[in-house]
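Okay, structure first, notes after.
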Amino acid sequence: MRGLHAYVPGEQPKIKGLIKLNTNENPYPPSPLVLQAVKDAVDGRLRLYPNPTAQALRERLAELHGCGPENVIVGNGSDELLALATRAFAEPIAAVDAERPADAARATIQYFTPSYSLYPVLAEIHGARKNAVPLRPDFTLPSVAELRRGKLWNFRAALTYVTTPNAPSGRAYASADLSALCAAQRGVVILDEAYVDFAREHALELWRAHPNVLIARTFSKAYSLCFQRVGYFVGHAELIAALDRIRDSYNVNGLGQIAALATLEDLTYYRRNFARLIATRERLTRELTGLGFAVVPSQTNFLLLRPPRFAAEEWLGRLRDRKILVRWFSYPEVSEYLRITIGSDEEADTLLTTVRGILRSGADAA
Ligand SMILES: Cc1ncc(COP(=O)(O)O)c(C=O)c1O
């Protein structure tokens, strides 16, 4: 464990006036109904344990997605469920005869690169074999035929994570392509739809046709609720039960359950926010493209872009000096890029003015 590469969350600095566009948080607050429900619940009842199975929330989610509560599990953020999945569905490499391909597959956790940087960390913690397979150079999804030809992908891997739409690229994948991949895969496939509310298409229904598929969703991004830590999976009852057996008894805190339930009572409010964020995203894409940034088409609440003139890491510093925090990842597939969360319209205006200023100062210095 000493050599473990821990997951590195984006910074949460307390700098006055800072515009925080580094962790894909939603600039809009939770609905007033949610704030009220949480406030109303803060009294002497805090001494009681919450519902251990998040029963009311699971029932409401089941209603929303047209399934039964046995098809839904709620976690302390979707991160908790992603971690449980490694333990439920993959063996540690030390527990199998790694020389035998079928055994090695039972200990293999695979994912595309770049995608959510937590997956390799989870695989390492579990002592499983990691299989990281590159996306196409433009971050689109390789077809099943390409994966077969490339010979890197393991169609028998115990567990496969696919982020869709993807982070940090922002690209969405077509449901038909995901369906073909799920059908070709023997092990469990988790379609991590953390950002799906900002996309044109979702793949939630794929769990019905593919008994090996789990859909991961979260209240953190589109529903402005990172602070409360609530995420969930939808899938076949057997897979859900396998996760349920190994979760902590009270894994989802009471205020989180209350906040998530109230969120589902006010979806109109959130859909308005999705539309606003999508409009801001499209405007930023146009304007930044005009300023010389190579912007990857995004269906999420962030943009991945290759900046002009200076290296991405230098842009990170120059923006930070001007109180705008964005994200830069040092790993090779994206080290030439910045990831910028879509904030409010005012934050977008400030970002654009600041970027123009930086470009001008660079031109003056040249
Ligand atoms: C792709 C992806 N999945 C899951 C998560 C985790 O979300 P949660 O807050 O529900 O743990 C994130 C958060 O950054 C993410 O980017």
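Order of listing sets the numbers, starting from 1, for every ligand and every atom in it.
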Tell me which part of T163 gets within contact of ligand 1: side chain, backbone, both or neither, using heavy atoms under 4.0 Å.
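The answer is the side chain of T163.
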
Taking the six-membered ring for Trp, are F112 and W153 parallel (under 30°), tilted (30 to 60°) or perpendicular (over 60°)?
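Rings of F112 and W153: parallel, under 30°.
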
Check the orientation of Y161 and Y119. Use parallel for under 30°, tilted for 30 to 60°, and perpendicular for over 60°.
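Plane angle under 30°, so parallel.
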
Looking at every heavy atom in both Y270 and A222, which two are closest together, and how far apart are they?
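Scanning both residues completely, I find the closest heavy atoms to be CD2-O, 3.8 Å.
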
Using distance alone, determine whether K221 and ligand 1 share an N or O pair under 3.5 Å.
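Yes, since at least one N or O of K221 sits under 3.5 Å from an N or O of ligand 1.
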
Do ligand 1 and S78 have nitrogen or oxygen atoms that lie under 3.5 Å from each other?
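Yes - when backbone and side-chain N and O of S78 are compared with those of ligand 1, one distance drops under 3.5 Å.
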
Report yes or no: does Y195 have a heavy atom closer than 4.0 Å to ligand 1?
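Distance cut 4.0 Å: Y195 passes for ligand 1.
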
For N24, is the nearest heavy atom under 4.0 Å from an atom of ligand 1?
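It does not; every heavy atom stays at 4.0 Å or beyond.
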
State whether the side chain of Q228 and the backbone N or O of L225 hold a donor-acceptor pair below 3.5 Å, judged by distance alone.
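Looks like no, no N/O pair under 3.5 Å.
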
Counting distance only, does the side-chain N/O of N51 pair as donor-acceptor with the main-chain N or O of Q55 below 3.5 Å?
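Yes: the side chain of N51 pairs with the backbone of Q55.
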
Protein heavy atom at shortest distance from atom 3 (N) of ligand 1
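Checked against all protein heavy atoms, atom 3 (N) of ligand 1 sits closest to D192 OD2, 2.7 Å.
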
Atom 6 (C) of ligand 1: the protein heavy-atom neighbour that sits closest, reported with distance to 0.1 Å
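Of every protein heavy atom, D79 OD1, 3.0 Å lies nearest to atom 6 (C) of ligand 1.
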
Side-chain H-bond candidate by donor/acceptor type, Y173 with N166, under 3.5 Å
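Yes - a donor-acceptor pair under 3.5 Å links their side chains.
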
Please could you name the atoms of ligand 1 that S220 approaches to less than 4.0 Å, counting only its heavy atoms?
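By the 4.0 Å cutoff, the relevant atoms are 8 (P), 9 (O), 10 (O).
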
Of all the atoms in ligand 1, which lie at a distance below 4.0 Å from a heavy atom belonging to R229?
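This gives 8 (P), 9 (O), 11 (O) as the contact atoms.
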
Min side-chain heavy-atom separation L351-I19 under 4.5 Å:
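Not touching, per the 4.5 Å side-chain cut-off.
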
